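Please read these numbers as outputs of a predicted model, since none were measured by experiment.
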Amino acid sequence: FNSMGRNVNKILEERGAQRAYDYGEGDDDGTLEDDFEKWGDGFWPAVVRKYGGDEAAAASSQSMSSLPSSWKPTHKVVWMVDPGEKRSPEEVEAIAKKARNVMIKRVVDGLAKNDPDRSVTRSSLHYFLAKEVPVVSQSELRPDNGTESDADGEYGSTVHVEFDLARANMSYGTADNLAICCSNDPDLVETLAKWQDYDLNRYFLHLRNDAIGSRDARVNPLFPSPCTVRQALSLYCDLASPVRKAMLPKLALYVEDDKQRQELLHLASPDGREKFSNWVHTPGRTIVEVMEAFPSMKVPFEAFLEIVPRLMSRDYTISSSAAVSPNFCSVTCKVVRGSSHRRGLCSLCDEGGGDGTGSMRTPPRGPSD
């Protein structure tokens, strides 16, 4: 429990370091974010006062209470086809797919060579390493009859899903993890696009907003492009996770109604900590639910792509044996159903059937696997 912080704190004391503020710890019996913010309420003014004086501390306190007033995305959206331009959808799709494959290959090659211009953040890495493999079988080992709960008091079932790795020249080791790149609920994507007036079928390039990035989409990309708005919202934006407090001041920049804007800023402020916990954190309110509550919010597409966190892959322990089945791997997972749970992105039974494929990758084995 907090052993790393305690060890560093002890070593600094032994080495004669001068303390600028009290040592603090976080405990996940509540929320780590709240623990850090409460500690930061005293830490930042103390540090600014120690190194900048009382006047700097007063200015810093005023700045923190008013929250950031401006923010700009680091990347920009460049549309592939202008309205009215005569190109068939099939032609645009072919050009985009070819360019995206080139981008992915060069990023992967750059990562292998430690090229800083081709580097990507850890939260985006799986987009470039993922490979499509077919799902060859899916069976329900424990059915959900809607009446029998498990030891946790939850309803659901257990499913066994098998993947054909040989199709993608992939291999695995027994007890490896299988990282599956999931996608957002199509209905959720449609709802969001309708509210924000996003054209889901339009293709775009995502370029870093500087002189170098404007010439080359392969420079520090957040995700592969060109792609459609639908692909970006479905595969690269986490629409189902609870809203983070740091997102609220940025979203507030695009709220047209002044009363709604002030209410959103209050949720992000120290004074609104309890309301944020009760209204956002405890129920796990998502970005789409926040937009529904603040209907005057109109976020430009390029800003939305950066305000919302990246959609992460889901890791599952492989349940098959590489010695017995080297070309096929399987996962056995619990599908939870209950009133306290929202519809998940990966561990769920798809009533629609699906197309029988999934994007996945096998991470390198290490001490944590």
Trace of the salt bridge (charged side-chain N to carboxylate O under 4.0 Å, His left out) decision for R6 with E25: CA-CA 9 Å; R6 292 176 178 179; E25 293 183 346; 2.5 Å; yes
S325 side-chain N/O to S321 backbone N/O, donor-acceptor pair under 3.5 Å: no
Check: H160 main-chain N/O paired with T332 side-chain donor or acceptor under 3.5 Å: no
Short side-chain to backbone donor-acceptor contact, N2 and G26, under 3.5 Å: yes
Listed partners of N327 passing side chain to side chain contact (heavy atoms under 4.5 Å, CB included), at least two apart: A166
Output field: ring centroids F276/H281 closer than 6.0 Å: no
Side-chain (D176) to main-chain (G173) donor-acceptor, under 3.5 angstrom: yes
Side chain to side chain contact (heavy atoms under 4.5 Å, CB included) involving S183 - partner list, sequence neighbours excluded: L235
Residues F328, F163; criterion ring-ring contact (aromatic ring centres under 6.0 Å, His included); working and verdict: CA-CA 6 Å; F328 299 87; F163 304 86; over 10 Å; no
Main-chain N/O of S269 paired to K245 side chain as donor or acceptor, under 3.5 Å: no
S225 (side chain) donor-acceptor with C227 (main chain) under 3.5 angstrom: no
Reported CG-to-CD1 distance for the pair L239 and I287, which is rounded to 0.5 angstrom: 8.5 Å
Under the salt bridge (Lys or Arg N to Asp or Glu O under 4.0 Å) test, residues paired with D115 that sit two or more places apart: none
Side-chain touch R202/V81, heavy atoms, less than 4.5 angstrom: no
side-chain contact (heavy atoms from CB on, under 4.5 Å) evaluation trace for L253 with K72: CA-CA 10 Å; L253 294 172; K72 292 182 179 179; over 6 Å; no
Same cluster (ILVMFWY, side-chain, under 4.5 Å), Y23 and F1: no
Rounded distance (nearest 0.5 Å) linking atom NZ of K334 with atom CZ of R142: 6.5 Å
Under the ring-ring contact (aromatic ring centres under 6.0 Å, His included) test, residues paired with Y203 that sit two or more places apart: none
Within-4.5 Å side-chain heavy-atom neighbours: V189 and S234: yes
Residue list, side chain to side chain contact (heavy atoms under 4.5 Å, CB included) with W39, at least two apart or on another chain: Y21, F36, F43
Test side chain to side chain donor-acceptor pair (under 3.5 Å) applied to S3 - qualifying residues, sequence neighbours left out: none
Connected via hydrophobic side-chain network under 4.5 Å: L233 and M312: no
Exam field: side chain Y172 to backbone L165, donor-acceptor pair closer than 3.5 Å: no
Nearest-0.5 Å distance, OG1 of residue T317 to CG of residue N177: 4.5 Å
CZ (R122) with more than 12 external heavy atoms under 6.0 Å: no
Check: I180 main-chain N/O paired with H126 side-chain donor or acceptor under 3.5 Å: no
side-chain contact (heavy atoms from CB on, under 4.5 Å) between V133 and M170, intermediate numbers included: CA-CA 9 Å; V133 299; M170 299 178 70; 4.2 Å; yes
side-chain contact (heavy atoms from CB on, under 4.5 Å) between H75 and L207, worked out: CA-CA 5 Å; H75 287 65; L207 302 175; 6.0 Å; no
S124 side-chain N/O to V120 backbone N/O, donor-acceptor pair under 3.5 Å: no
By side chain to side chain donor-acceptor pair (under 3.5 Å) - contacts of Q196 (at least two apart): none
Verify same cluster id: W71, L222 (apolar side-chain graph, 4.5 Å): yes
Sequence neighbours excluded - side-chain hydrogen bond (donor to acceptor under 3.5 Å, both in side chains) pairs with any residue from residues 300-310: T74-E306
F301 and F204 aromatic ring geometry - parallel, tilted or perpendicular at 30°/60° bounds: perpendicular
Pairs involving residues 263-284, ordered by first then second residue, that meet salt bridge (charged side-chain N to carboxylate O under 4.0 Å, His left out) (sequence neighbours left out): E37-R273, D41-R273, E263-K275
NZ (K298) with more than 12 external heavy atoms under 6.0 Å: yes
Polar side-chain atom of D257 near backbone of Q260 as donor-acceptor pair, under 3.5 Å: yes
Linked, directly or transitively: I318 and V324 (ILVMFWY side chains, under 4.5 Å): no
Salt bridge (charged side-chain N to carboxylate O under 4.0 Å, His left out) evaluation trace for K105 with D109: CA-CA 6 Å; K105 183 180 185 306; D109 291 345; 2.9 Å; yes
CD on E190 to CG on L188, rounded to 0.5 Å: 10.5 Å
Distance, nearest 0.5 Å, that separates CE of M247 from CG of L264: 10.0 Å
Which residues share a side chain to side chain contact (heavy atoms under 4.5 Å, CB included) with P300, sequence neighbours left out: Y254, A303
Geometric class of the W279/F294 ring pair [parallel <30°, tilted 30-60°, perpendicular >60°]: perpendicular
Partners meeting salt bridge (Lys or Arg N to Asp or Glu O under 4.0 Å) with D258 (sequence neighbours left out): R261
CD-NZ distance between E93 and K97, expressed to the nearest 0.5 angstrom: 7.5 Å
Steps toward side chain to side chain donor-acceptor pair (under 3.5 Å) verdict (S319, S330): CA-CA 6 Å; S319 56; S330 63; 3.2 Å; yes
Student check: side-chain heavy atoms of Q231 and T228 closer than 4.5 Å: yes
With sequence neighbours excluded, residues passing ring-ring contact (aromatic ring centres under 6.0 Å, His included) with F304: none
S277 to P283 - nearest heavy-atom pair and separation: O-CD, 4.2 Å
Chi angles and distances behind the side chain to side chain donor-acceptor pair (under 3.5 Å) call for E162, S137: CA-CA 5 Å; E162 190 173 27; S137 70; 3.2 Å; yes
Evaluation steps, side-chain contact (heavy atoms from CB on, under 4.5 Å), between V159 and L141: CA-CA 6 Å; V159 296; L141 305 181; over 6 Å; no
